[in-house]
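Down below is the structure, laid out as structure tokens.
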Amino acid sequence: GKFGEYGGQYVPEALMPAISELDDAYRRYVLNNEDGFMDEFRARLRDFGGRPTPLQHAETLSSRYGFDVYLKREDLLHGGAHKLNNALGQVLLAKYMGKERIIAETGAGQHGTATAMASAHLDMDCEVFMGERDINRQRPNVFRMRLNGAELNPVSTGSGTLKEATNEAMREWATTVEDTHYVIGSVVGPHPFPTMVRDFQSVIGTEARRQMEEKLGCLPNSVVACAGGGSNTMGAFDAFVDDDAVSLVAVEAGGSGLKIDEEEDLAPNSASLSIGEEGVLHGARTKLLQNSDGQILESHSVSAGLDYAGVGPELADLVDDDRVRAVSVDDDAALSAFHRLSRTEGIIPALETSHALAYLEDGAELGEKVVVNVSGRGDKDLESVVEETEKR
Ligand SMILES: Cc1ncc(COP(=O)(O)O)c(/C=N/[C@H](C(=O)O)[C@@H](O)C(C)C)c1O
């Protein structure tokens, strides 16, 4: 479970039994399709999730930029974001493992919502840990989780965002592992989570590759995706990693600037790949926003889904190997891209996705055919975008 010097299993002894049980189940059911697990997973993604999602040529954007933009429409997946690919896979795996209860963390609420939907679909109890601050800025998703029968566990420690919610969920898992599976929301955490979540999300890139070949008989020149924890990023990239001719661009939240304020222990961004340092968070060695004493900094982004001080270890390794280019766009550019796609293509994108779309504005070196992963829709962001836009 190592990616260069990143990855590993930096967890308390109490969690090791759960981790090794999960690793065993991952190998049997996901890698070896024991009992037809992957066949059932794919059938449910099709019938419940609505896969495949379209790869749509964005005509107006393409004429604006002078290169062809193809949108991979994960916003059309059931629930409105790519998160269901991973949540459905893990909840189904928990069922195969004989678990009865599901817990999860969430920040933007998309992962929490996807886990609540998958748990209701598969008749499993579900409890979602969510930071107080995030509960207040992603209320539509809070209502949806409750409607899907999930119990919300508000986390008020620290900044009340994803970092604390993840810590609380991991703590809870350590004492309930007998009957509970912890569904982690991104390609983060101790092995096998980063690898398993990537495998569940890799359907994005596998479909996009097939759709490009069917439509155009060629591969794209670039694939662009936003990066919070890195799951829609790794999901979009995995099918292309071995094709050096395909550039892979991970777009992080540049927030209100890349300069870290050492006094305030605050990073005005979530650009872990670009300006993070090596460290351990949530069970994995990876790149983190931290100050000179190694204290993990509070991150910032106009989008809750990218507001995370860490990033997936595999993505960090691909950036160090120059296989993935890490770039960032700031809050203003993301908000402009939010409005631009809504107006010119009739698609309201998630604020997270808006970061990937914003990069097209300076994307001259992306080549002739560019796939952009539309990781989610913007319904959850309407209130905050109206507020943010009026403020500017
Ligand atoms: C629509 C949408 N697009 C992208 C992301 C970024 O998460 P990754 O795909 O794991 O980088 C997210 C992340 N959402 C998480 C959540 O809903 O809990 C997020 O807050 C954390 C996993 C970072 C998202 O909702």
Side-chain angles (χ1 to χ4, degrees), residues 72-77 79-87 104-117 128-131 133-135 137-138 140-142 144-145 150 152 155 159-166 169 183-189 193-194 197-198 200-202 204-205 224-238 250-253 270-273 281-282 286 299-316 324 326 334 338 347-357 372-381:
K72 183 57 179 160
R73 301 290 307 276
E74 293 304 295
D75 60 307
L76 293 179
L77 188 66
H82 67 292
K83 293 292 175 181
L84 184 68
N85 299 321
N86 168 50
E105 85 295 333
T106 197
Q110 285 302 122
H111 171 58
T113 306
T115 307
M117 288 166 10
V128 178
F129 292 75
M130 190 168 189
R133 181 154 175 258
D134 284 335
I135 287 180
R137 62 178 176 171
Q138 305 280 253
N141 279 334
V142 170
R144 288 205 293 170
M145 283 182 254
L152 254 276
V155 174
S159 64
T161 58
L162 184 78
K163 184 159 69 83
E164 292 77 22
T166 306
V183 178
I184 214 163
S186 191
V187 286
V188 297
F193 281 115
V197 176
R198 175 204 67 201
F200 286 140
Q201 289 290 0
S202 62
I204 300 172
V224 182
C226 64
S231 70
N232 92 94
T233 336
M234 286 312 304
F237 291 176
D238 191 48
V251 187
E252 294 189 295
S270 307
S272 334
L273 289 169
L281 178 66
H282 299 143
T286 185
S299 51
H300 160 76
S301 169
V302 69
S303 78
L306 302 185
D307 190 350
Y308 182 55
V311 70
E314 182 173 19
L315 189 50
V324 169
F338 180 96
I347 301 168
I348 300 176
L351 264 177
E352 295 81 9
T353 307
S354 303
H355 287 73
L357 294 161
V372 180
N373 193 31
V374 180
S375 57
R377 62 178 192 228
D379 304 50
K380 67 179 173 67
D381 301 312

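Counting starts at 1 for both ligands and their atoms, following the listed order. All heavy atoms count here, side chains included; hydrogens, waters and symmetry mates do not.
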| query | For Thr106 and Met145, what are the C-alpha separation, side-chain angles and deciding distance, and is it a side chain to side chain contact (heavy atoms under 4.5 Å, CB included)? | reply | CA-CA 11 Å; Thr106 197; Met145 283 182 254; 4.1 Å; yes

| query | In ligand 1, which numbered atoms sit nearer than 4.0 Å to a non-hydrogen atom of Ser375? | reply | 1 (C), 2 (C), 3 (N), 4 (C)

| task | Assess Gly230 for proximity to ligand 1: is some non-hydrogen atom of it under 4.0 Å away? | result | yes

| note | Within 4.0 Å of some non-hydrogen atom of Asn232, the atoms of ligand 1 are 4 (C), 8 (P), 9 (O), 11 (O)

| request: Using distance alone, with no hydrogens and no angle criterion, decide if Ser186 and His111 have a side-chain donor and acceptor under 3.5 Å apart. | output: no

| query | So which bit of Asp134 gets within less than 4.0 Å of ligand 1, heavy atoms only: side chain, backbone, both or neither? | reply | neither

| query | Given Ser303 and Ser354, is the side chain to side chain contact (heavy atoms under 4.5 Å, CB included) satisfied, shown in steps? | reply | CA-CA 9 Å; Ser303 78; Ser354 303; over 6 Å; no

| field | Nearest-neighbour protein heavy atom for atom 21 (C) of ligand 1, which is reported as residue plus atom name and distance | value | Leu162 CD2, 3.6 Å

| remark: Atoms of ligand 1 under 4.0 Å from any heavy atom of Thr106, numbered from 1 in the order shown, are 16 (C), 17 (O), 18 (O)

| task | Tell me, please, which residues at least two apart from Glu252 pass salt bridge (Lys or Arg N to Asp or Glu O under 4.0 Å). | result | none

| field | Atom indices of ligand 1 within 4.0 angstrom of Ala227 heavy atoms, with elements | value | 11 (O)

| Do NZ/NE/NH1/NH2 and the carboxylate oxygens of Lys380 and Glu352 come within less than 4.0 Å? | yes

| said: Under 4.0 Å from a heavy atom of Ala304: which atoms of ligand 1 are those, numbered in the order shown and with their elements? | reply: 20 (O)

| Would a distance-only check, ignoring hydrogens and angles, find a side-chain to backbone donor-acceptor pair under 3.5 Å from Asn373 to Cys226? | no

| field | Minimum non-hydrogen distance to atom 13 (C) of ligand 1, winning option of Lys83, His355, His82, Gln110 | value | Lys83

| Atom pair CZ/CG of Phe129 and Leu152 - distance to nearest 0.5 Å | 10.5 Å

| said: Let's go through Asn85 and Gln201 carefully: what are the C-alpha distance in whole Å and the side-chain angles of both, what is the deciding distance for side chain to side chain donor-acceptor pair (under 3.5 Å) to 0.1 Å, and is it a yes or a no? | reply: CA-CA 6 Å; Asn85 299 321; Gln201 289 290 0; 3.0 Å; yes

| field | His111 neighbourhood, listing ligand 1 atoms whose heavy-atom distance to it stays under 4.0 Å | value | 16 (C), 17 (O), 18 (O)

| Contacts of Asp381 that satisfy salt bridge (Lys or Arg N to Asp or Glu O under 4.0 Å) - sequence neighbours left out | none

| query | What's the spacing between Leu306 CG and Ser301 OG if we round to 0.5 Å? | reply | 5.0 Å

| For Gly107, atoms of ligand 1 separated by under 4.0 Å from a heavy atom | 16 (C), 18 (O), 20 (O)

| said: What I want to know is whether Gly112 and ligand 1 share at least one N or O pair that is separated by under 3.5 angstrom. | reply: no

| About how many Å separate CG of Asn86 and OG of Ser231, when rounded to the nearest 0.5 Å? | 6.5 Å

| So which heavy atom in the protein is nearest atom 20 (O) of ligand 1, and how far is it from that ligand atom? | Ala108 N, 2.8 Å

| message | Please report whether ligand 1 has a polar contact with Cys226, defined as an N or O pair separated by less than 3.5 Å (distance criterion only). | response | no

| task | May I ask you to list the atoms of ligand 1 that are less than 4.0 angstrom from any heavy atom of Ser186? | result | 8 (P), 10 (O)

| request: Tell me which protein heavy atom sits closest to atom 6 (C) of ligand 1, plus the residue, atom name and distance to 0.1 Å. | output: Gly305 O, 3.4 Å

| field | Heavy-atom gap Thr353 to ligand 1 smaller than 4.0 Å | value | no

